[in-house]
Amino acid sequence: MPTAYPTEFKIKTIRRYEKGASIKALSQELHIAQSTLYQWRNTYCSIQTPDRTYTPAEFDAISRRLQRLEHEMQIIRHTGFLDRIPLQEKLASLEQIYHQTDGQYSVYELCSALHVAMVWEA
């Protein structure tokens with residue numbers, strides 16, 4: 001029969017996780033299945049940002065999406081295609097995107113995306 005843990009114990013355990021303890025370490029220390037700890041995490045844990053609070057499932061989905069996008073960027077950069085585009089063409093494209101999106105992207109983001117070095121004049 002499964003062990004019933006008090007809610008206070010579950011919350012204290014998840015607070016330790018939030019402070020940096022790994023699920024694996026907590027599982028070994030407390031002799032509780034990792035799957036149980038993941039369930040507790042999904043119930044009692046939240047990730048705060050200045051804009052909103054995320055559930056662990058939402059945060060995991062965002063993390064997976066970020067990793068996938070980072071891999072796509074690495075693949076694009078490894079192809080060398082961006083390096084073959086003349087600088088004037090890149091600048092024209094960046095300016096067009098900047099104006100079409102009403103400044104949705106910062107100049108830094110645009111330059112970074114196409115590997116255009118930013119030079120600041122004093």
Side-chain angles (χ1 to χ4, degrees):
M1 176 172 218
T3 305
Y5 296 96
T7 301
E8 184 178 312
F9 175 76
K10 294 175 185 180
I11 291 171
K12 282 183 181 179
T13 302
I14 293 307
R15 294 301 168 256
R16 288 181 58 198
Y17 164 77
E18 290 177 329
K19 290 179 181 175
S22 71
I23 293 288
K24 183 177 181 178
L26 290 169
S27 172
Q28 290 171 347
E29 177 188 334
L30 302 172
H31 305 288
I32 298 172
Q34 288 184 31
S35 60
T36 300
L37 294 174
Y38 280 111
Q39 289 173 350
W40 294 358
R41 183 189 74 162
N42 290 340
T43 304
Y44 300 107
C45 183
S46 61
I47 295 97
Q48 298 284 117
T49 68
D51 300 330
R52 73 177 272 214
T53 300
Y54 295 91
T55 66
E58 290 172 322
F59 190 79
D60 288 345
I62 290 168
S63 294
R64 284 190 305 276
R65 183 168 187 251
L66 175 62
Q67 184 177 28
R68 188 180 72 248
L69 292 171
E70 286 174 343
H71 287 171
E72 288 176 11
M73 286 301 301
Q74 287 173 352
I75 291 166
I76 290 168
R77 288 191 170 127
H78 284 302
T79 65
F81 289 140
L82 292 178
D83 298 330
R84 294 184 208 143
I85 300 171
L87 179 59
Q88 292 304 318
E89 236 180 276
K90 288 181 183 180
L91 292 173
S93 295
L94 294 175
E95 185 175 11
Q96 183 179 11
I97 292 168
Y98 183 78
H99 291 297
Q100 284 178 346
T101 61
D102 292 324
Q104 176 183 353
Y105 307 107
S106 71
V107 172
Y108 175 81
E109 289 174 305
L110 291 167
C111 290
S112 178
L114 291 187
H115 282 183
V116 173
M118 292 181 52
V119 178
W120 298 99
E121 294 184 26

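Along the sequence shown, the residues carry numbers beginning at 1.
- The shortest heavy-atom contact between Leu114 and Lys90 is O-NZ, 3.2 Å.
- Tyr5 pairs by the ring pair (Phe, Tyr, Trp, His ring centres under 6.0 Å) definition with Phe9, Trp40, not counting sequence neighbours.
- Clustering ILVMFWY residues whenever any of their side-chain heavy atoms sit less than 4.5 angstrom apart, transitively, puts Tyr108 in the very cluster that holds Tyr98.
- Annotation: salt bridge (Lys or Arg N to Asp or Glu O under 4.0 Å) contacts of Arg77 (sequence neighbours excluded): none.
- Here the OG atom belonging to Ser112 is positioned 13.5 Å from the OH atom belonging to Tyr105, to the nearest 0.5 angstrom.
- Listed here is the closest heavy atom pair of Ser27 and Ala33: OG-C, 4.0 Å.
- The two residues Ile14 and Leu37 have their closest heavy-atom pair at CD1-O, 3.9 Å.
- Distance check, rounded to the nearest 0.5 Å: CD of Glu29 to NZ of Lys24 gives 14.5 Å.
- Annotation: side chain of Glu8 is not in contact with side chain of Ile11 (no heavy-atom distance under 4.5 Å).
- Put simply, CG on Leu87 and CG on Leu94 are 9.0 Å apart, with the number rounded to the nearest 0.5 Å.
- Considering only heavy atoms from C-beta on, Ile23 comes within 4.5 Å of Tyr17 through its side chain.
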_Candidate pair His31 and Thr3, rule side-chain contact (heavy atoms from CB on, under 4.5 Å), full reasoning_ = CA-CA 11 Å; His31 305 288; Thr3 305; over 6 Å; no
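- The side-chain hydrogen bond (donor to acceptor under 3.5 Å, both in side chains) search around Arg52 returns Glu58, not counting sequence neighbours.
- When every heavy atom of Ala113 is checked against every heavy atom of Leu82, the shortest pair comes out as O-CD1, 3.7 Å.
- The two residues Glu18 and Tyr44 make their nearest non-hydrogen contact at OE2-O, 4.5 Å.
- Hydrophobic clustering (ILVMFWY, side-chain heavy atoms < 4.5 Å, transitive): Leu66 and Met73 are in distinct clusters.
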